Q: 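One structure follows; several queries about it will come next.
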Protein chains: 2
Amino acid sequence: MFSIGELSKRTKVKVPTIRYYEEMGLLAAPERTAGNQRRYTNEGLERLSFIRHARDLGFSIEAISSLIELQNHPDRSCEAATEIAEGQLSEVRAKIKRLKALENELKRIAQGCDGRGVAEDCYVLASLADHDLCGRDH
Amino acid sequence: MFSIGELSKRTKVKVPTIRYYEEMGLLAAPERTAGNQRRYTNEGLERLSFIRHARDLGFSIEAISSLIELQNHPDRSCEAATEIAEGQLSEVRAKIKRLKALENELKRIAQGCDGRGVAEDCYVLASLADHDLCGRDH
DNA sequence: TGTAGTGTCTCTAGTGACTAGAGGTTCAAG
DNA sequence: CTTGAACCTCTAGTCACTAGAGACACTACA
């Protein structure tokens, strides 16, 4: 049995965030002391580690909810879990793709100006003002 | 002179977003008709195009504010603009790096389970529960 | 047993960059 | 002159937290 602060230290999830997860229904409401403070068991620790790990991988609270729901019914098919993970994977891939395009564009823009001139002639500002100066679509 | 709806069409920025930019001080408050409706000139169009282009490239409202401030003082050094663009570039690169790590991890997790089993034995769920199953740090 | 200091409680509000909706007014076309 | 679309302001909601206020609880030490 440990306090919310202790749980926070062990999982590296901030105290208000733990309470937030409880409010969002991700984390079961734990027992309380006579003085109304939360007291967690190892189960709470494991659950919170799961949540944190999934958040680190970019899963939304909603997706995590579904995964936890599934965890609570070990007899169900895990198809949904695989789908969620694959959905997340393709989202990540799409983001990478988009960011790479941005990277190219920004590289081009930033290289166009050495910062030694004056705002009037700045290639950075000109590029932003005029989309036609862009290499590709974005 | 055109209405906010017309400006919206031409720039592909939604009407409430235009009003939001005005409120945030990115876009100068335009003239109004006798009936209190906004009327824009080409200047407003150009300014909004600039903003939209910068937003598309991921610049924050705050960064755009600084860029616009610079645009309004064409005699100033454009060092700041170059710095902002380079800052944005390194942020984008950092994001790409992080997302690639996530991609690998998710790929590994998603591949570990074909979705045909039962939640109890699901590798996706197991991986999320147990960080030790992860390949690398994240 | 008293007390000091830290931890915890709930509640509200703020973040960024919008988006949605209510309820009312104005414009342009026919 | 009427109709209907576009416009106005204002408030509240989104996501995943974060910050702060003001009050109460726990623990260590005297």
Side-chain angles (χ1 to χ4, degrees), chain A residues 1-27 29-40 44 47-48 50-68 84 87-88 91-92 95 98 102, chain B residues 1-27 29-40 44 47-68 84 87-88 91-92 95 98-99 102:
Chain A
M1 288 295 219
F2 36 88
S3 69
I4 197 168
E6 183 61 28
L7 182 65
S8 167
K9 261 186 217 157
R10 293 205 205 176
T11 55
K12 275 153 202 159
V13 176
K14 285 181 191 154
V15 168
T17 306
I18 297 174
R19 290 197 274 251
Y20 170 74
Y21 288 158
E22 183 184 324
E23 203 185 28
M24 292 299 102
L26 289 191
L27 208 49
E31 281 183 52
R32 301 272 184 146
T33 63
N36 199 34
Q37 299 194 355
R38 291 166 178 83
R39 284 298 174 273
Y40 294 90
R47 174 67 66 88
L48 184 54
F50 180 96
I51 295 168
R52 176 172 149 77
H53 194 184
R55 284 293 303 133
D56 281 349
L57 288 166
F59 289 89
S60 70
I61 296 281
E62 209 194 328
I64 297 173
S65 248
S66 309
L67 291 170
I68 285 176
I84 290 170
Q88 181 61 19
E91 262 177 51
V92 165
K95 272 187 199 157
R98 178 169 157 69
L102 292 192
Chain B
M1 288 296 219
F2 36 88
S3 69
I4 196 168
E6 183 61 27
L7 182 64
S8 167
K9 258 185 219 158
R10 294 206 206 175
T11 56
K12 276 154 202 157
V13 175
K14 286 181 191 154
V15 169
T17 306
I18 297 174
R19 290 198 274 249
Y20 170 75
Y21 288 158
E22 183 183 324
E23 203 187 25
M24 292 299 101
L26 288 191
L27 208 50
E31 280 183 53
R32 302 271 185 146
T33 63
N36 199 34
Q37 299 195 356
R38 291 166 179 83
R39 282 301 174 271
Y40 294 90
R47 173 67 65 88
L48 184 54
S49 303
F50 179 95
I51 295 169
R52 176 172 148 77
H53 193 184
R55 283 293 303 135
D56 281 349
L57 288 166
F59 289 88
S60 70
I61 297 280
E62 209 194 328
I64 298 173
S65 247
S66 309
L67 292 170
I68 286 176
I84 290 170
Q88 181 62 19
E91 262 177 51
V92 165
K95 272 187 200 158
R98 177 168 159 70
L99 284 173
L102 293 191

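Convention: sequence-line order gives letters A, B, ...; per-chain numbering from 1. The figures here come from the full heavy-atom set of this structure, side chains too, leaving out hydrogens, waters and symmetry mates. Since the structure is predicted, the reported quantities are computational estimates derived from the model, not experimental observations.
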Q: Below 4.0 angstrom, which residues in residues 11-24 of chain A have at least one non-hydrogen atom near DNA chain C?
A: A:Arg19
Q: For a quick test of reading the model: is some side-chain N or O of A:Arg38 closer than 4.0 Å to OP1 or OP2 of C:dC9?
A: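 Affirmative; the distance criterion is met.
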Q: side-chain contact (heavy atoms from CB on, under 4.5 Å) with A:Tyr20: which residues, sequence neighbours excluded?
A: A:Glu23, A:Met24, A:Ile61
Q: Report, one line per pair, each donor and acceptor closer than 3.5 Å where one atom sits in a side chain of residues 9-19 of chain B; sequence neighbours left out.
A:
unit_1  : atom_1 : unit_2  : atom_2 : d
B:Arg10 : NE     : B:Glu6  : OE2    : 3.2
B:Thr11 : OG1    : B:Leu7  : O      : 2.7
B:Thr11 : OG1    : B:Val13 : N      : 3.3

Q: Looking at A:Gln37 and A:Ser3, would you say the former's side chain and the latter's main chain have a donor-acceptor pair under 3.5 Å?
A: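 Not at all, since once roles are kept as given, no pair shorter than 3.5 Å links the two residues.
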Q: Roughly how far apart are A:Arg98 CZ and B:Leu99 CG, rounded to 0.5 Å?
A: 12.5 Å
Q: Can you tell me how far CZ of A:Arg52 sits from CG of A:Leu57, rounded to the nearest 0.5 angstrom?
A: 10.5 Å
Q: Whole-Å distance between C:dC18 C1' and B:Arg52 CZ?
A: 14 Å
Q: Base, backbone or nothing for each nucleotide of nucleotides 25-30 of chain C, written B, S, -, heavy atoms under 4.0 angstrom, 5' to 3'?
A: -SS---
Q: Separation of A:Lys9 atom NZ from C:dG7 atom C1', in whole Å?
A: 10 Å
Q: Could you tell me which residues satisfy side chain to side chain donor-acceptor pair (under 3.5 Å) with B:Glu22, sequence neighbours excluded, listed by chain and number?
A: B:Arg38
Q: I'd like the 5' and 3' limits of the part of DNA chain D contacted by chain A, with heavy-atom contacts below 4.0 Å.
A: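 Here the contact window of chain A covers D:dA16 to D:dC26.
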Q: Would you compute the distance between atom CZ of B:Arg47 and atom CD1 of B:Ile64 and round it to the nearest 0.5 angstrom?
A: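 Between B:Arg47 CZ and B:Ile64 CD1, I get 11.0 Å after rounding to 0.5 Å.
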Q: To the nearest 0.5 angstrom, please state how far the CG atom of B:Leu102 sits from the NZ atom of B:Lys95.
A: 13.0 Å
Q: Ignoring backbone atoms, establish whether B:Arg55 has a side-chain N or O less than 4.0 Å from OP1 or OP2 of C:dC18.
A: yes
Q: Calculate, to the nearest 0.5 Å, the distance between atoms CG and CG belonging to A:Leu27 and A:Leu48 respectively.
A: 5.5 Å
